[in-house]
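Note on naming: letters A, B, ... go to the chains in the order of the sequence lines (proteins, then strands), and numbering restarts at 1 for each one. Treat the numbers as computed from the prediction; the structure is a model and nothing was measured.
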There are 2 protein chains.
Amino acid sequence: MAGPHTLAETERAVESRLSDMNLDFEAMAVTSNLFRAANAVRNRLEGTVLKPHDLTWTAFVVLWVTWIWEEVETRIIAEEGGFSKATLSGVLATLERRGLVVRERSADDGRLVIVRLSPAGRRLMRRLFPLFNQQEQAVVAAIPAADRPGTAEALRRMTVTASEPR
Amino acid sequence: MAGPHTLAETERAVESRLSDMNLDFEAMAVTSNLFRAANAVRNRLEGTVLKPHDLTWTAFVVLWVTWIWEEVETRIIAEEGGFSKATLSGVLATLERRGLVVRERSADDGRLVIVRLSPAGRRLMRRLFPLFNQQEQAVVAAIPAADRPGTAEALRRMTVTASEPR
DNA sequence: GGCCAATAATTTGGGCCCGAATGATCACGC
DNA sequence: GCGTGATCATTCGGGCCCAAATTATTGGCC
């Protein structure tokens, strides 16, 4: 951001350009700020925490989900992380090659693959996650404390509604 | 989403897994819901509006920015859209090949490239954008009306803070 | 046992994505 | 004029991303 147009300038240009189309500008403002914010926060987290360890965003998400659930089926990682299993296969190959993750076939069901962190993977997450959380804290500090729970709730509601079948 | 773990279950698992690490769970909740929401809303918009016209998310953002500003330098599109100029070059090639966009070198400054929509591109945006906005409206409707301006403002603040140099 | 539909993960092909390198153009000082 | 450093857009290489096709396994059902 910090381009030649400010957020406010952009929003004004949008409104005058579209004034004859009978649109919901409030909905536009919410979603466009949603994408801007997600992008900006992701960029910051990548730059401060991930890039120094040569991790991509998706790789970090995979490590995170695996870390939380101790052992987890691949399809769960993909659902939880919000990307396809095809993408996951590639990212897991990278992470396994780097020794951060282990794949093993399920004993119960030979179609399933179970993923775990290697000891190196666990060490990495234990070291990285507090740094990650510090950056999250710095960004969320921009919201008045009283508004934070309401913001999280609004985002949760949008997630649920957007995920509904149509 | 709608996986085998609900949002609430995941948040509980996270908290018990990380209880000894002295983390800011409120900040975590805000950012993780930020990414979930952005992902879910984007997936919905892609599925309902973009995919039927074989447009990617980034291609649509490029069309949108160009539509709003009538004519615009490539570097502005990249900044406004939140991706690199390298990415933009490829996407513009695709859009130009499909006849939705025109590139021309600036007369004032031979280094710059100016982008405009073709008539077909303008027709497409005029047709697509109301549909896009309808979907935005459906998603934002999940937030109580009184909370919408506050949500947009919270997102704006996060964007600004996350974009600050460190 | 032998077939068969359902369900997994992976591979494939094409597009997006970035940082770094490249080549073109500009602005400025002389 | 003529360098020289700054500023553009593009290209290149490697990784992510998805839908569709592929390969493997499972759980009925006879």
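Closest approach to the Arg111(A) side chain among dA9(C), dA9(D), dT26(D) is made by dT26(D) (side chain taken as heavy atoms from C-beta onward). Among the nucleotides dC12(D), dT7(D), dT25(D), the one closest to any side-chain atom of Ala86(B) is dC12(D). Distances from the side chain of Thr56(A) to the nucleotides dG15(D), dC8(D), dT25(D) place dG15(D) closest.
In this structure, Ile114(B) places its CD1 atom 11 Å from P of dT10(D), rounding to the nearest Å. Atom CG in Asp109(A) sits roughly 6 Å away from atom P in dT26(D) (whole-Å rounding). Put simply, CD on Glu73(B) is 8 Å from P on dC8(D), counting in whole angstrom units. One interatomic measurement links the two molecules: CG of Leu112(A) to P of dA6(C), which rounds to 18 Å at whole-angstrom precision. For the pair Phe83(B) CZ and dG19(C) C1', the computed distance is 17 Å after rounding to whole Å. Remark: P of dA24(C) and NZ of Lys85(B) are 16 Å apart, rounded to the nearest angstrom. As a whole-Å value, the separation of Phe60(B) CZ from dG15(C) P is 20 Å. With rounding to whole Å, Leu50(A) atom CG is found 15 Å from dC18(C) atom P.
In terms of modelled atom types and a separation under 3.5 Å, the side chain of Arg36(B) and the main chain of Arg156(A) share no donor-acceptor contact. Side-chain atoms of Arg105(A) come within 3.5 Å of backbone N or O of Gly110(A) as a donor-acceptor pair. A distance-only check finds no donor-acceptor pair linking the side chain of Gln135(A) to the backbone of Thr48(A) [under 3.5 Å].
Ring to ring, Trp67(A) and Phe129(A) are close: their centroids are under 6.0 angstrom apart.
For the OP1/OP2 pair of dC17(D) and a distance below 4.0 Å, the side-chain nitrogens and oxygens of Thr58(A) include at least one atom meeting the criterion. Here Arg103(A) reaches the OP1 or OP2 of dT10(C): one of its side-chain N or O atoms lies under 4.0 Å away. Between Ser89(B) and dT11(D) there is no side-chain polar atom (N or O) within less than 4.0 angstrom of OP1 or OP2. Between Thr94(A) and dG15(D), a side-chain N or O to OP1/OP2 separation shorter than 4.0 Å is absent. Checking the phosphate oxygens (OP1, OP2) of dC8(D), a side-chain nitrogen or oxygen of Arg75(B) falls inside 4.0 Å.
Among the atoms of the strands shown, base atoms are found under 4.0 Å from some heavy atom of Thr87(A). Nucleic acid contact class of Ser84(B) (heavy atoms, under 4.0 Å, all strands): base. Using a 4.0 Å heavy-atom distance criterion, Arg97(B) is classed as making no nucleic acid contact.
Using a 4.0 Å cut-off between charged side-chain N and carboxylate O, Glu46(B) and Arg42(B) make a salt bridge.
Taking the nucleotide of DNA chain D with the nearest heavy atom to each of Ala59(A) and Asp108(A), the more 5' of the two is matched to Ala59(A).
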